[in-house]
Amino acid sequence: MNRLRQFVNKAGWPRVIIGFFLLSLFVAAPFAEVSLAASIKDTLVRFGMNGVLVLSMVPMVQSGCGLNFGLPLGVIAGLLGAVTTMEMGITGIMGFITAVILSCAIAAVLGWGYGKMLNRVKGEEMVISTYVGLSSVMFMCMMWLVLPFKSPAMVWGYGGSGLRTTITLEGYWFNIIDNFLAIKIGDFTFPTGLFIFFAVMAFLVWAFFHTKTGTAMTAVGSNPDFARASGIDVNKMRTISVIISTVFGAVGILVYQQSYGFIQLYTSPLFMAFPAVAAILLGGASVHKATITNVIVGTILFQGILTMTPSVINSFLKTDLSEVIRIIVSNGMIVYALTRKTTKVKS
Amino acid sequence: MSQNLTFTEKLKNFFISNAVPILFVVITLLAVPVSGFSANYLIQEMITRIGRNSFLVLSLLLPIIAGMGLNFGMVLGAMAGQIGLIFITDWSIVGIPGLVLAMLISTPISILLGILCGSVLNRAKGREMATSYILGFFINGVYQLVVLYFMGGIIPVKSPSLVLSRGYGIRNTVALDGVRQVFDNMIPLKIGEISIPLGTFFIIALLCLFILWFRKTKLGQDMRAIAQDMKVAQSAGIPVDRTRIISIVISTVLAGYGQIIFLQNMGTLSTYNSHDQTGVFSIAAILIGGATVSRATIPNVFIGVILFHMMFVVSPMAGKNLIGQAMLGEYFRQFISYGIIAIALVLHAWRRQKDKEMERRSLRGVKAEKQPQAEK
Amino acid sequence: MKRTVFILILIALLVLLGVWMFVLGRQRTIVMRNEDIDRQGITYEAAQIVGISFDGAEEKEITYDDAAIFYLVGSSHKLKLRVADEDGNTLRVVEKTIKLDLSKNISVDIPELLENKEEVIKLTGKMW
């Protein structure tokens with residue numbers, strides 16, 4: 001009993017409740033005539049799709065910049081890289097690699113500026129990053145209409161100018177990572193490549209935080225005054241963390257798209273930040289501390305609920321509650337994380 | 001400290017503190033001729049929009065006075081207001097009694113949501129804005145659950161024109177025929193071609209008087225003391241947490257009334273979207289009017305509503321005339337509303353950081369000048 | 001204690017205000033039907049043309065077997081019925097005061113109303 005309480009205290013109530021909720025959904029799945037194998041497969045694929053995006057939260061949280069609601073900025077860099085590569089007509093794995101390289105370059109520049117700005121607004125990063133994200137998405141909405149892209153695969157058929165809202169990746173790099181070393185068991189395809197990719201990215205983050213820069217960054221996040229006293233350039237560390245987060249956001253959206261099959265432009269980046277933030281919090285991260293384990297646990301829990309509620313709950317209640325549950329769970333989780341008393345008092 | 005500032009520094013400070021309204025006056029001056037609208041049309045639009053939006057924007061004042069920043073949680077009140085409107089439409093209560101009843105129904109809901117919001121924000125001191133912003137989304141989920149699944153089922157709503165054909169849930173749009181513009185036309189007035197919603201203006205004036213009076217009350221003074229320094233206020237015996245909750249409750253209730261006034265002017269309620277942009281647009285308006293996260297006055301509200309909505313009206317046409325795409329203007333105005341909030345927040349946080357540094361520098365006094373600056 | 005009582009009184013007053021607003025603002029949907037009806041074996045025949053006007057508003061004319069919808073706010077209303085033949089010649093004009101309860105939907109059969117000799121007629125219908 002005591003150990004149970006300890007576990008609950010450590011994991012936090014919302015996580016336990018949601019964990020049990022998800023577990024009961026899986027248990028109930030067969031009764032709702034929902035295929036368990038298909039559900040697990042869906043959850044895994046969604047995990048792979050979203051994993052890198054959630055991972056992109058870690059550096060900024062660790063350096064004390066808070067939850068990266070400015071993720072759309074990274075997403076925009078990814079989209080720019082992708083459409084530019086398509087415009088150049090590079091397909092297949094080379095196309096994907098080009099897109100990654102281009103996106104990373106754009107993301108690094110954007111992240112640098114974004115980081116410089118966040119250094120000036122310490123303590124208000126979260127609400128500011130939200131609005132920076134929103135306004136940059138709106139700015140890009142105008143750009144998608146105006147930028148001189150020509151490729152007929154991407155431009156509206158009529159008029160001949162302005163990019164489409166969704167661009168198919170079929171014939172470019174659709175599922176290029178999913179299908180890498182994919183294992184087929186019956187009609188169940190395990191997207192090995194997706195997981196290898198995520199593992200590599202996670203390893204990179206893990207390794208980074210064990211370098212000198214990485215540990216310095218953690219020090220900045222946990223106690224900026226102490227870090228400053230020991231000679232660490234606080235602002236530089238924060239800028240680096242923002243650049244890394246933005247670059248990971250860009251790579252994350254590319255992985256997401258190649259699995260999903262479409263590039264979604266215009267307002268769609270708006271809907272990327274909240275699920276990623278909710279996922280990492282669900283995994284046990286706080287506003288000041290996040291680990292790779294948080295990312296993995298959180299993404300599985302969050303994506304699991306997204307996969308399972310429409311199929312299971314809906315077949316019981318005969319209505320589509322999934323959207324409402326998604327809103328309540330993800331935002332409830334963020335509110336909970338923001339209200340948790342933290343030991344460190346921010347000035 | 002201020003005597004030590006040079007002229008350029010003073011000038012810089014003036015521009016930093018008034019950057020937003022100045023920027024907007026410039027944008028508006030550029031965009032109005034391009035849009036090609038007639039003066040009459042624009043004046044009518046502005047008068048309508050002042051009536052429609054001022055009450056909502058005014059509801060933001062109290063939390064700013066109490067030092068809680070921009071109350072993104074005002075959408076909670078907006079949702080409560082909409083629930084009131086759904087009920088009076090179902091009961092077919094029309095005219096001014098209908099709107100008064102809608103306000104009465106929204107009040108307890110707003111109070112409950114306000115208490116919830118206030119308590120949550122007390123647990124998230126220092127990041128009220130981010131928290132209230134997300135809380136708005138969270139309550140939006142609950143609102144959808146209630147309106148889309150409970151109403152017509154657990155909560156009795158009977159009118160076939162309101163309930164979806166499946167038997168429960170409210171339709172996407174609710175026509176507010178019975179209460180359409182009844183406040184606006186309460187006291188009819190027309191000057192030339194321009195009709196003036198005198199009734200609504202009267203209500204807005206009442207609210208302004210209330211706010212002016214409230215600032216002078218004990219509670220209002222307490223709020224200002226809390227905004228100055230929470231710890232000092234606490235030690236002076238002011239119940240900080242309770243006062244903060246009260247400021248949010250009042251703001252939420254007012255936002256509910258504001259939404260009702262907004263929707264009686266619009267004449268249709270879009271059940272699941274009407275409240276979406278309420279917070280963003282109201283906050284953008286007050287910021288454009290020159291308010292900051294920590295200081296806002298009644299003139300800020302009206303200047304802001306006029307400037308923001310002027311941009312709002314002219315930008316689609318200006319976009320169309322300039323580049324040939326109306327969609328561009330559509331994105332542009334959203335870009336502006338989000339961007340202006342971002343800029344205002346950045347300027348505020350930046351200035352606060354600078355003030356802190358200046359304070360630090362002045363504390364160190366003469367000694368500091370000899371030392372090389374360690375940071376920055 | 002004093003505070004609690006004050007709040008309770010305030011709440012009671014607000015509820016009363018709410019009830020008052022409900023009564024004051026309630027809009028009744030009235031369907032006036034001009035059809036032949038059977039009441040205990042007696043058939044009341046509908047007129048060829050009936051002009052209906054509430055509270056001196058503009059008259060609405062309906063023909064045999066037709067119906068018209070009116071929206072009325074408040075309880076007491078002056079109703080003017082003008083009965084005419086198919087050529088439009090007015091046969092008689094009946095004026096009545098009608099009292100509505102709080103029902104939302106009220107359905108009225110005009111032939112029955114015309115037979116009713118009382119000056120003040122109370123009408124009721126479905127609450128929802």
- Has R3(C) got more than 12 heavy atoms of other residues, nucleotides or ligands less than 6.0 Å from its CZ? no
- Item | Side-chain donor or acceptor of R26(C) paired with backbone N/O of W91(B) under 3.5 Å | yes
- Task: Answer yes or no: does atom CD of E86(C) have more than 12 heavy-atom neighbours from other residues, nucleotides or ligands under 6.0 Å?
- Result: yes
- Task: Work out which heavy atom in Q27(C) is nearest to a heavy atom in V94(B); give both atom names and the distance.
- Result: OE1-CG1, 3.2 Å
- Message: More than 12 heavy atoms of other residues, nucleotides or ligands under 6.0 Å from OH of Y64(C): yes or no?
- Response: yes
- Query: Residues of residues 14-21 of chain C under 4.5 Å from chain B (heavy atom pairs)?
  - Reply: L14(C), L17(C), G18(C), M21(C)
- Does atom CZ of F210(B) have more than 12 heavy-atom neighbours from other groups under 6.0 Å away? yes
- Query: Can you name the residues that form a salt bridge (Lys or Arg N to Asp or Glu O under 4.0 Å) with E59(C), not counting sequence neighbours?
  - Reply: R82(C)
- Task: Would you give the length of the straight line joining atom CZ of F22(C) to atom CG of L104(B), rounded to the nearest 0.5 angstrom?
- Result: 13.0 Å
- Quick one: are K104(C) and S159(B) in side-chain contact, heavy atoms under 4.5 Å? yes
- How about K60(C): does its NZ atom have over 12 heavy atoms from other parts shown lying under 6.0 Å from it? yes
